[in-house]
J.: 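I'd like to ask some things about the structure below.
Both backbone and side-chain heavy atoms feed into the values below; hydrogens, waters and symmetry mates do not.
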Amino acid sequence: MSRKLLTYLGNLINEVEALLPFIFRQGGPPPALSVATINHWTIDYDHQRRPYSFKDLLGDGFLWAVPKHRRSVEKRLNRKFGLPEYNWKPLRVKTHLRTCNECGHDYEAGVLCTNCYNRAREETKLMQEKIQEELGLEPIEKDVIVLYEGERKDQPPEFFNGKRIVEMPKPRPMWFTKNLMQKTTQQPAITKELKPNDLA
């Protein structure tokens, strides 16, 4: 507390010394007559002569807890950079980066490509808006198929039986393949024989 008081007094003395040249300036304008009025009020000399106390300095404030011991340089560096044998905090070279075969952007191994994921999410959002615009928010009991320009003629008429069609007014992007729209669940097979499909 005494250190704070000494700092306060030192700053006060420096401010007074800086104001002295403005109070006792030399080479100023010549003295002239002036009239000054003084209000009738009394000066409390007892208040000025009262000794200075810490209560006047702090007022209604309170003191915060401060560290009692200085933290060593070694501990400060360990907190900042860590320990090489336990946890080394500075940046490390990443060796698990891969290059996407579709877009060419880099991504971490075991994680989806961020660029491809954002493109698929934007395309899916456009499809959802188109479905909501044409079919509304009512419950749909039939399968909904989203087709792009020129895809309706590629399918046989029996394909659209019992299904609701939503057409996108643009061609299908090359990276947005058709198998992305297939269902993840399939009916159980009756036979155990495997036959290749779509060979020609």
Side-chain angles (χ1 to χ4, degrees), residues 1-22 50-133 137 139-140 143-148 166 168-189 194 198:
M1 184 58 68
S2 60
R3 182 177 179 182
K4 185 176 181 180
L5 180 61
L6 291 176
T7 305
Y8 176 78
L9 293 177
N11 295 337
L12 182 62
I13 293 174
N14 293 336
E15 292 178 0
V16 172
E17 290 179 354
L19 291 175
L20 288 178
F22 297 99
R50 189 175 60 183
Y52 187 79
S53 63
F54 291 112
K55 186 176 181 181
D56 297 335
L57 179 62
L58 296 177
D60 298 333
F62 54 91
L63 299 178
W64 293 93
V66 295
K68 295 183 179 179
H69 303 285
R70 176 180 174 272
R71 183 172 289 155
S72 65
V73 178
E74 182 180 3
K75 289 186 177 180
R76 278 183 285 168
L77 293 178
N78 290 341
R79 286 170 61 91
K80 186 176 182 180
F81 299 107
L83 297 175
E85 57 270 15
Y86 295 107
N87 182 23
W88 189 239
K89 294 183 180 180
L91 297 178
R92 297 179 179 179
V93 179
K94 289 188 175 182
T95 58
H96 62 287
L97 295 180
R98 304 291 183 267
T99 302
C100 181
N101 297 329
E102 298 293 335
C103 62
H105 286 73
D106 297 331
Y107 67 98
E108 297 182 4
V111 182
L112 293 175
C113 177
T114 308
N115 185 52
C116 295
Y117 176 76
N118 290 334
R119 290 194 303 174
R121 184 177 60 179
E122 293 175 359
E123 189 69 21
T124 306
K125 186 176 181 181
L126 294 176
M127 293 170 59
Q128 292 174 352
E129 293 176 355
K130 187 67 176 178
I131 293 173
Q132 181 177 350
E133 178 183 348
L137 299 177
I140 302 173
D143 292 340
V144 178
I145 298 179
V146 180
L147 298 178
Y148 287 85
V166 176
M168 298 290 290
K170 63 176 184 177
R172 178 183 292 273
M174 296 180 61
W175 51 268
F176 198 75
T177 57
K178 296 181 180 180
N179 59 358
L180 295 177
M181 301 297 297
Q182 292 180 357
K183 294 184 178 180
T184 55
T185 58
Q186 298 180 358
Q187 296 295 333
L194 298 177
D198 301 334

J.: Might you point out which heavy atoms bring W88 and F81 nearest each other, and give the distance in Å?
T.: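 In this case the closest contact between W88 and F81 is CE3-O, 3.5 Å.
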
J.: When the side chains of residues 105-127 are checked against the rest of the protein, which donor-acceptor pairs come out under 3.5 Å, sequence neighbours left out?
T.:
residue	atom	partner	partner atom	Å
H105	ND1	N115	ND2	3.4
D106	OD1	T99	OG1	3.3
E108	OE2	K94	NZ	3.0
N118	OD1	R121	NH2	3.2
N118	ND2	T114	O	3.1
E123	OE1	K170	NZ	3.1
E123	OE2	Y148	OH	2.6
E123	OE2	K170	NZ	3.3
T124	OG1	A120	O	2.7

J.: Above 12 or not: heavy atoms from other molecules or residues under 6.0 Å from CD of E74?
T.: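 Open.
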
J.: With rounding to the nearest 0.5 angstrom, report the CD1 to CD1 distance, I145 to I131.
T.: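 It is 11.0 Å, given to the nearest 0.5 Å.
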
J.: A side-chain contact here means heavy atoms from C-beta on lying under 4.5 Å apart; do R70 and R76 qualify?
T.: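 Sidechains of R76 and R70: in contact.
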
J.: Counting only heavy atoms not in N87, do more than 12 sit closer than 6.0 Å to its CG atom?
T.: yes

J.: Could you work out, with salt bridge (charged side-chain N to carboxylate O under 4.0 Å, His left out) as the rule, every residue matching K89, not counting sequence neighbours?
T.: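 K89: no salt bridge (charged side-chain N to carboxylate O under 4.0 Å, His left out) contacts found.
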
